[in-house]
Amino acid sequence: MRAFQSLFLLLWIPVWCSSLVYARGQVPLRGEAPYQPKRVAVIGAGSGGASTAHFLRKFTDHFEVPVNITVYERASYVGGRSTTVNVFDDPSIPVELGASIFVEVNRNLVKAAKEFGLLAETAFSTRPRESDDSLGVWDGQQFVYQQQDTYFWWNIAKLLWKYGLAPVRTQRLMKQTVDKFLRLYESPSFPFRSLSFAAEAAGLLDATASTGAEFLEQNGISADFGRDIIQASTRVNYGQNLPLIHGLETMVCMAAEGAISIQGGNWRIFDAMLGASAAEVKLNTSVVSIDRKDDGILSVSSTTGHSGTEQSEFDEVVIAGPLQEAGITVSPELDHAPDKIPYVELHVTLFASPHRISPQYFNSRASSVPETILTTLPQGLDLGSRRDGVGPTGFWSISTLQKVKAPSQSEEHYVYKIFSPQRLSAQFVADILGLDTEAESTNAAKNQTIGDLPRKDISWFHEKTWHSYPYLYPRVTFEEISLAPHIWYTSGIESFISTMETSSLMGKNVAALMVRSWLEKHHQDTENEWNSWDKAEL
Ligand SMILES: Cc1cc2nc3c(=O)[nH]c(=O)nc-3n(C[C@H](O)[C@H](O)[C@H](O)COP(=O)(O)OP(=O)(O)OC[C@H]3O[C@@H](n4cnc5c(N)ncnc54)[C@H](O)[C@@H]3O)c2cc1C
Ligand SMILES: *[C@@H]1O[C@H](CO)[C@@H](O)[C@H](O)[C@H]1NC(C)=O
Ligand SMILES: *[C@@H]1O[C@H](CO)[C@@H](O)[C@H](O)[C@H]1NC(C)=O
Ligand SMILES: *[C@@H]1O[C@H](CO)[C@@H](O)[C@H](O)[C@H]1NC(C)=O
């Protein structure tokens with residue numbers, strides 16, 4: 001408000017003069033009447049869409065630009081790939097079905113959690129802590145590495161003893177990479193019209209141009225450490241081995257220090273963002289088409305299933321989810337249609353059981369196995385850049401999440417989460433729990449899934465298949481952010497880094513580009529004010 005008076009005077013004359021020229025779709029700024037809100041449609045209520053709405057509201061509040069935000073969401077819930085399900089259908093025991101952790105350097109998420117008073121807890125803090133080792137890396141034959149802490153790789157004498165300087169070099173490389181990445185949040189990089197240019201300016205193309213394996217080799221990190229530790233991380237986080245996934249995402253996997261999650265579910269951040277943005281959120285509503293009219297107005301058709309299609313007009317549309325899965329027809333065609341890229345098909349199996357993981361299955365004579373089991377390929381097996389690269393383990397990870405009281409029983413059950421490239425068979429689940437299955441080796445039994453196991457052994461389960469993230473092949477260019485005039489895209493960032501935070505960063509970036517484009521068209525003064533305003537502080 002401080003600058004209101006002077007800005008009012010400065011703006012009034014040019015606004016008045018230009019009002020004839022910009023009769024339709026003009027930006028009503030401070031001091032101007034009558035207000036005509038900019039109408040913005042956001043398609044998708046995940047991290048990207050919620051962040052777009054959140055920052056759009058912040059930026060426009062600052063300039064007192066009226067804006068009307070409508071968020072379309074196909075699903076019945078907010079959060080997209082960040083969502084929880086309830087163990088035993090009990091709302092007091094939510095567990096993450098999708099994105100489960102973020103880290104301290106994830107500025108947007110950390111700031112939003114603080115702003116909305118959401119409680120961040122250390123990741124894995126609920127695990128039972130009944131095993132000697134908390135984390136182990138399994139190669140299908142043996143545990144190649146075990147340690148007592150989960151996800152705190154560093155400063156561990158054991159690691160240094162086993163792998164020499166590789167852990168130190170990896171940590172240094174990871175820190176350098178994170179520092180470069182953080183440049184994207186600040187001027188002069190932010191906001192960026194082109195992710196390809198911004199990535200180059202930040203010095204990150206070396207990392208995205210090589211596979212993880214090449215990038216580690218270039219930086220003097222031994223293959224043993226890469227295979228046992230780093231690849232265990234790329235597999236649990238992205239379902240990919242080092243000869244496929246690029247060097248930047250490989251480094252992201254090693255930046256697990258200070259891993260946290262929001263109590264009750266990470267989706268609460270996105271829910272709170274949408275609430276604060278005062279957007280109209282239309283759940284159960286799929287956008288089916290966008291018509292680009294001659295006057296630049298965008299007509300969005302949506303459907304809720306039963307009630308036919310509905311049309312609304314917007315000045316700007318943000319597509320905040322992978323376009324290839326959105327089922328949206330755009331006409332006339334987009335100027336820069338994103339390429340279709342392969343996504344990982346990830347099977348997530350959550351279940352509760354009174355049984356612990358069987359040491360026998362893991363060829364172990366110990367009384368327990370680690371509570372988190374990551375996997376890697378055995379030494380000597382190089383599957384190259386194959387997408388079906390899970391190898392002899394058959395699964396990516398098994399995590400013991402917590403112990404819960406089973407309903408109407410005094411017994412405590414363990415809650416497990418398994419990531420795998422294929423749906424789990426009943427046999428596999430029985431085997432890892434050490435259950436006696438009466439040697440039913442008939443084809444029919446082989447075809448059985450977790451739901452076919454007795455209730456006494458599996459007291460609750462939930463299976464979900466995600467298109468979780470892209471196969472992160474090395475590349476040096478990324479999809480456009482502006483797909484056509486007034487049509488914006490957040491998901492191109494997924495082939496750079498695929499996380500909740502990066503989707504949020506892109507949402508903020510698109511909001512900033514949009515507001516700047518409104519200001520630029522009309523007013524030198526606000527443009528200057530915009531440029532000198534430290535948006536990184538938000
Ligand atoms: C199992 C799993 C584990 C993961 N682990 C992590 C992790 O630990 N940490 C991390 O940071 N990231 C993790 N990720 C990645 C993370 O979930 C994603 O990168 C991030 O949530 C993507 O957010 P987004 O908003 O870009 O996309 P989404 O969350 O996919 O949101 C897009 C939304 O758009 C909606 N939509 C699509 N088309 C339409 C349409 N036509 N009309 C209306 N709505 C539409 C969809 O329903 C969806 O809700 C994980 C992902 C999975 C699946
Ligand atoms: C915002 O747009 C929606 C949908 O077009 C409309 O129903 C609503 O009245 C608008 N709100 C304002 C404040 O203009
Ligand atoms: C969305 O659909 C689900 C069922 O498919 C229903 O339970 C829910 O109430 C609907 N939500 C809204 C906001 O319409
Ligand atoms: C296994 O299940 C699939 C899909 O449910 C089915 O098509 C197939 O015939 C089954 N095979 C056997 C051997 O039962």
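Remember, it's 1-based here, ligands and their atoms both numbered in the order they're listed.
Here the heavy atom of the protein found nearest to atom 16 (C) of ligand 1 is Ala99 CB, 3.8 Å. Taking atom 23 (O) of ligand 1 as the reference point, the nearest protein heavy-atom neighbour is Ser503 OG, 3.4 Å. Of all protein heavy atoms, the one lying nearest to atom 53 (C) of ligand 1 is Ser468 CB, 3.3 Å. Among protein heavy atoms, atom 41 (N) of ligand 1 sits closest to Ala326 O, 2.8 Å. Protein heavy atom nearest atom 37 (C) of ligand 1, with residue, atom name and distance: Arg74 NH2, 3.4 Å. Of all protein heavy atoms, the one lying nearest to atom 25 (O) of ligand 1 is Gly48 N, 2.8 Å.
Aromatic pair Phe428/Phe395: ring centres closer than 6.0 Å.
For ligand 1, the polar-atom distance check finds an N/O of Met500 within less than 3.5 Å of one of the ligand's N/O atoms.
The side-chain heavy atoms of Phe314 and Asn68, taken from C-beta on, include no pair separated by under 4.5 Å.
At least one heavy atom of Ser100 lies less than 4.0 angstrom from ligand 1. Note on ligand 1: Leu97 sits in its first shell, one or more heavy atoms being nearer than 4.0 Å. Ile43 counts as a contact of ligand 1, since one of its heavy atoms falls under 4.0 Å from the ligand. Put simply, part of Tyr72 is less than 4.0 Å from ligand 1, judged by heavy atoms. For Thr285, the closest heavy-atom approach to ligand 1 falls below 4.0 Å. Between Gly79 and ligand 1 there is a heavy-atom distance shorter than 4.0 Å.
When Asn284, Val281, Leu283 are ranked by how near their heavy atoms come to atom 6 (C) of ligand 3, first place goes to Asn284. Of the listed options Gln324, Arg81, Lys464, His347, Arg81 places a heavy atom closest to atom 18 (C) of ligand 1.
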Practice prompt. Test Glu463 against Arg423 for salt bridge (charged side-chain N to carboxylate O under 4.0 Å, His left out), laying out the working first.
Written response: CA-CA 8 Å; Glu463 294 174 283; Arg423 192 171 180 192; 2.9 Å; yes
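Taking a distance limit of 4.0 Å, we find that atom 14 (O) of ligand 3 is approached by some protein heavy atom. For atom 9 (O) of ligand 3, no protein heavy-atom neighbour is present inside the 4.0 Å cut-off.
When all heavy atoms of Trp396 and Thr375 are compared, the closest pair comes out as O-OG1, 3.0 Å.
Looking at residues two or more places apart in sequence or on another chain, you find a ring-ring contact (aromatic ring centres under 6.0 Å, His included) between Tyr185 and Phe181.
The salt bridge (charged side-chain N to carboxylate O under 4.0 Å, His left out) test with Arg81 is passed by exactly one of Glu96, Glu325, Glu494: Glu494.
Under a 4.0 Å criterion applied to the non-hydrogen atoms of Ile328, ligand 1 contributes the atoms 41 (N).
Ring pair Tyr416/Phe351 is tilted by interplanar angle, where 30° to 60° counts as tilted.
With a 4.0 Å heavy-atom cut-off, ligand 1 is reached by no atom of Thr502.
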